[in-house]
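All remarks here apply to the structure that follows.
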There are 2 protein chains.
Amino acid sequence: MKRLTLEEIGRIAGVSRSTVSRVINDHPNIRPAVRQRVEDVIRQTGYQPNSAARSLASRQSRVFGLVMPSILQSAFADPYYPLVIQAISHACNQHDYTPALFLFQTPEEEEKMSQRIVASGLIDGLIITADTINSTFVSKIQQYDIPFVQIGRPPTSNAASISYVDVDNEAGAYLAASHLVQLGYRRIGQLATAHNTAGADRDAGYRHALGDRGLEVDEALVKVSDFSEAGGYQAMQALLDQQPEAIFAQSDAIALGAVRAIRDRGLRVPDDIAVVGFDDMPLAANADPPLTTVRQPINRTGMLAVETLIDIVRTTPEPARHIVLPVELVIRASSGAVY
Amino acid sequence: MKRLTLEEIGRIAGVSRSTVSRVINDHPNIRPAVRQRVEDVIRQTGYQPNSAARSLASRQSRVFGLVMPSILQSAFADPYYPLVIQAISHACNQHDYTPALFLFQTPEEEEKMSQRIVASGLIDGLIITADTINSTFVSKIQQYDIPFVQIGRPPTSNAASISYVDVDNEAGAYLAASHLVQLGYRRIGQLATAHNTAGADRDAGYRHALGDRGLEVDEALVKVSDFSEAGGYQAMQALLDQQPEAIFAQSDAIALGAVRAIRDRGLRVPDDIAVVGFDDMPLAANADPPLTTVRQPINRTGMLAVETLIDIVRTTPEPARHIVLPVELVIRASSGAVY
DNA sequence: CAAGGTATTGAGAGCGCTCTCATATCCTTG
DNA sequence: CAAGGATATGAGAGCGCTCTCAATACCTTG
C-alpha cells in the first residue's frame with residue numbers, strides 16, 4: 001500500500017495541495033462542493049496526513065509527554081498511577097493528542113532523557129506527576145520554554161509560577177478525620193507519608209479536623225509510612241502499641257495494610273479499631289470490610305490536566321493555571337458508621 | 001532560547017550541515033579532529049536534532065506504540081499491566097525509542113484511533129498486549145504493513161505469522177500443580193480464566209500435571225474467574241462447596257481473592273486449603289500468608305518485546321519471531337511446603 | 001453593466017533534516 | 001613527484017506538509 005500525499009489527494013479531487021490542506025485543517029472559505037469532493041476522496045483512500053511533515057511545517061506535534069520522575073519508581077505499585085495514566089490516555093485520545101510515556105527508574109535515566117524530551121521538538125507539552133517535594137526534574141524543565149502542567153500541588157515555594165491540577169487533599173482529610181470524631185472516637189491516629197505535598201495537605205486536614213473539635217493531636221499516634229500496603233502494615237504495627245481507637249490512613253493501600261496488621265494482632269475492624277483511607281481505589285469497595293475513604297476524581301484530574309495543557313500550548317502561558325478539585329467522603333463499613 | 005539547527009552548528013564548528021549530520025548519525029569517514037570539534041559544539045550548545053525533520057527525511061520516527069485493546073480496560077486494575085508498561089518504557093529508554101501509549105476503553109475509541117496509528121507515520125512499530133482470543137485489533141493491524149510484536153501468544157490459528165514474546169504458561173502451571181500433587185494434595189482445584197491464551201495454556205499445564213501423576217481432573221473443582229481479586233473471591237466461594245484440598249489460581253490477584261474467601265469461610269491457608277498463584281507480583285511476597293507462585297520475568301518480556309520490534313523494523317520482518325521465556329516456581333508459605 | 005469588493009483557489013517558499021553525488025583533499029606507490 | 005585511489009567534505013534535492021501572498025472567480029451595488 002503506497003503512502004499517499006496531499007498532492008495526490010489533490011490530483012484525484014481535481015484541486016491543489018493547498019486546498020486539500022485547508023479541508024483537512026478545517027479552514028473557512030472553501031466552497032461546500034469542493035470540500036465535499038475532497039472529503040470523499042480522503043475517506044475513500046483512507047488518507048492520513050504524515051505527522052512528521054505536519055510537525056515540521058507547523059512546529060507542533062500534538063504529542064504530550066507524560067513524565068513520572070524516578071522518585072516514584074516503586075510507587076508505581078500503587079494503583080493510583082495506573083489510573084492516572086489511563087485517565088490521561090483517554091483524555092489525549094479525545095483531543096487527538098498522543099501521550100508519550102517517560103517513566104524514570106533512576107536519576108541517570110532522568111538526566112539522559114530530559115534533554116531530548118524538552119529540546120527535540122517531539123513533544124508539545126508535558127504532564128508531570130511529581131508531588132514529591134524537591135523534584136529536580138521540574139526545576140530543570142522550567143529553564144526551557146516547554147509548557148507543562150503538574151498533577152498535584154508543587155511545594156509552596158514555587159507553586160505560583162507552575163500550572164497544576166490537584167485535588168483538595170486537605171478538605172478530604174478534614175472530612176475523613178471529622179467523620180471519625182463524630183463517630184465518637186477520640187484516640188484517632190494517622191498513617192502519614194513524607195516528602196510529598198499531598199501527604200502534607202492530608203496531614204494538615206487531619207490536624208485541623210481534630211483541632212476544630214477540641215481534640216489535641218497526640219504525636220505518638222502519627223506514624224510515617226510509604227504509599228504501599230506493606231508500608232501501612234509496618235507502620236500500623238508500631239501504632240498498635242499506642243492503642244488507637246481509629247485510624248486515618250493517607251491512602252487506601254496504606255489503610256489495607258493497616259487492616260491486615262490490626263487483624264494479625266487479633267483485633268477487628270471496625271469493632272476494635274476503625275479505619276478510613278484515601279483515594280477510593282477500586283479495591284477499597286471490595287475490601288474486607290469495605291473501606292470508608294475519600295474519593296478523588298482521577299478521571300477528571302487527568303482530563304483537566306490534558307485540557308489545561310492544551311490551553312497553555314495554544315494561548316499564552318501566563319498566568320499559571322491552578323485547579324483544585326473537590327473530593328467526597330465515601331462511607332462504608334470500615335469506619336463503623338454502617339454495617 | 002532560540003532553537004538551533006544543523007546549519008548553525010555547522011557554522012559555529014566551521015563545517016557544513018552535512019558533516020554535522022554525519023557526526024550525529026555516527027557515520028564513518030570523518031577526520032577525528034573535525035568530529036571532536038563538532039561534538040564539542042553540540043555539547044556546549046545543548047543542540048538536539050529536530051525530530052520532526054528527522055522523521056520526515058529518514059522516514060522513521062523512533063516512536064513505538066504500546067497498544068492495549070479495549071477488552072483489557074478493566075484488567076488494567078491487575079498490577080501486571082502497569083509492570084509491563086514500566087518494563088517496556090525502560091527498554092525503550094535504553095534503546096532511544098519513545099513509547100506512545102494507546103489504551104482503548106471502548107471499541108469505538110479503538111476504531112477511531114487505529115487508522116491514525118498505522119497510517120500517520122508517527123509510529124515505527126507496535127507492541128500489542130492482547131492475549132485475548134479474537135482480538136479484532138490485531139487482525140485489523142495485519143492488513144497494514146506496520147511492524148508489530150505481541151506480548152502473549154496469539155491464538156493458534158494465526159500464531160505462525162505473528163511475532164510474539166510469551167512466557168511458558170503451560171510449564172509454569174505444570175510446575176505449580178505438580179508442586180501441590182507432590183505435597184500430597186489430591187483434590188486440587190483450579191481458578192481459571194476464559195478467552196485468553198495465557199489462561200488456556202495454564203489450564204493445559206494444570207491438567208497435564210494432574211494427569212501425569214495419575215490424578216483425574218474433577219471438573220467440579222475448576223471454576224472460571226476474571227483476573228481480579230474480586231473475581232477470585234467469588235469463584236472461590238463457589239469452589240469451596242466442593243471441598244478442595246488445594247487451589248491453583250491462574251493469577252496472584254485471583255489467589256489473593258481465594259485466600260480471602262477461604263478465610264471468610266473460617267478456614268485457614270495453607271492448613272485447611274493450600275493456594276498457589278501465578279505471576280509473582282510484588283504483592284505475592286507480602287501477602288498473608290506469603291504466596292507460593294510462578295514467577296514470570298516481566299522485565300525481560302518487555303525488553304525482548306522492544307528488542308524484537310527493533311530487529312523487525314531494521315531488518316526483514318520474515319520470518320515471524322517467537323520467543324517463549326521460562327518461568328520458575330517460587331515456594332512460600334501458602335502452599336504448605338514451608339513455614 | 002462596470003467597478004470594487006470579497007470569497008476561493010493556487011503557487012511558492014520554507015520547516016530542518018538525510019542522503020546521493022560531485023568535488024576536494026589526502027595518501028600511497030612507482 | 002606525478003598519478004591513481006581512497007578518504008573527507010560540501011552542495012543540492014527532496015521528505016510532505018503549512019502558510020503567506022498573489023491570482024482568479026464570484027458577487028454586490030450604483
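Being a predicted model, the structure only gives us computed values, none of them experimental. Chain naming here is simple, since letters A, B, ... match the order of the sequence lines and numbering starts at 1 in each.
- Rounded to whole angstrom, the span from the CZ atom of B/Arg59 across to the P atom of C/dT18 amounts to 14 Å.
- Within 6.0 Å of CZ in B/Arg300 there are 12 or fewer heavy atoms belonging to other residues, nucleotides or ligands.
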Protein and nucleotides 6-8 of chain C: nitrogen or oxygen contacts under 3.5 angstrom:
unit_1: C/dT8; atom_1: OP2; unit_2: A/Asn29; atom_2: OD1; d: 3.2

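- Within the structure, salt bridge (Lys or Arg N to Asp or Glu O under 4.0 Å) contacts touching residues 114-126 of chain A (residues at least two apart or in different chains) are A/Arg116-B/Asp96.
- Side-chain atoms of B/Asn50 and A/Arg59 include no donor-acceptor pair closer than 3.5 Å.
- Under 3.5 Å, the side chains of B/Gln115 and B/Tyr144 contain a donor-acceptor pair of N or O atoms.
- Checking A/Arg54 against A/Asn25 by side-chain atom types alone, a donor-acceptor pair falls below 3.5 Å.
- At the phosphate of D/dG16, neither OP1 nor OP2 sits under 4.0 Å from any side-chain N or O atom of A/Arg54.
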Protein-nucleotides 10-12 of chain C N/O pairs closer than 3.5 Å?
unit_1: C/dG10; atom_1: OP2; unit_2: A/Ser16; atom_2: N; d: 2.8
unit_1: C/dG10; atom_1: OP2; unit_2: A/Ser16; atom_2: OG; d: 3.0
unit_1: C/dG10; atom_1: OP2; unit_2: A/Thr19; atom_2: OG1; d: 2.7
unit_1: C/dG10; atom_1: N7; unit_2: A/Arg22; atom_2: NH1; d: 3.4
unit_1: C/dG10; atom_1: O6; unit_2: A/Arg22; atom_2: NH2; d: 2.5
unit_1: C/dA11; atom_1: N7; unit_2: A/Ser18; atom_2: OG; d: 3.3
unit_1: C/dA11; atom_1: N6; unit_2: A/Ser18; atom_2: OG; d: 3.0
unit_1: C/dG12; atom_1: N7; unit_2: A/Arg17; atom_2: NH2; d: 3.3
unit_1: C/dG12; atom_1: O6; unit_2: A/Arg17; atom_2: NH1; d: 3.4

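- Rounded to a whole Å, the CG atom of A/Leu6 is 6 Å from the C1' atom of D/dC17.
- With respect to B/Asp40 and B/Arg37, no salt bridge is recorded, no charged nitrogen being found less than 4.0 Å from a carboxylate O.
- Remark: A/Asn50 is not in phosphate contact with D/dC15, judged by side-chain N or O atoms under 4.0 Å from OP1 or OP2.
- Considering only the side chain of A/Tyr47, D/dC17 comes nearest among D/dC17, D/dG14, D/dG16.
- For the pair A/Leu122 CG and C/dC15 P, the computed distance is 20 Å after rounding to whole Å.
- For the pair B/Arg11 CZ and C/dG16 P, the interatomic distance rounds to 13 Å; values are reported in whole Å.
- Of the candidates A/Ile310, A/Thr98, A/Val306, A/Cys92 forms a side chain to side chain contact (heavy atoms under 4.5 Å, CB included) with just one, namely A/Val306.
- With hydrogens and angles disregarded, a donor-acceptor distance shorter than 3.5 Å links the side chain of B/Thr197 to the backbone of B/Arg153.
- Of the listed nucleotides (C/dT18, C/dG16, C/dC15), C/dC15 has the atom at the smallest distance from the side chain of A/Ala57.
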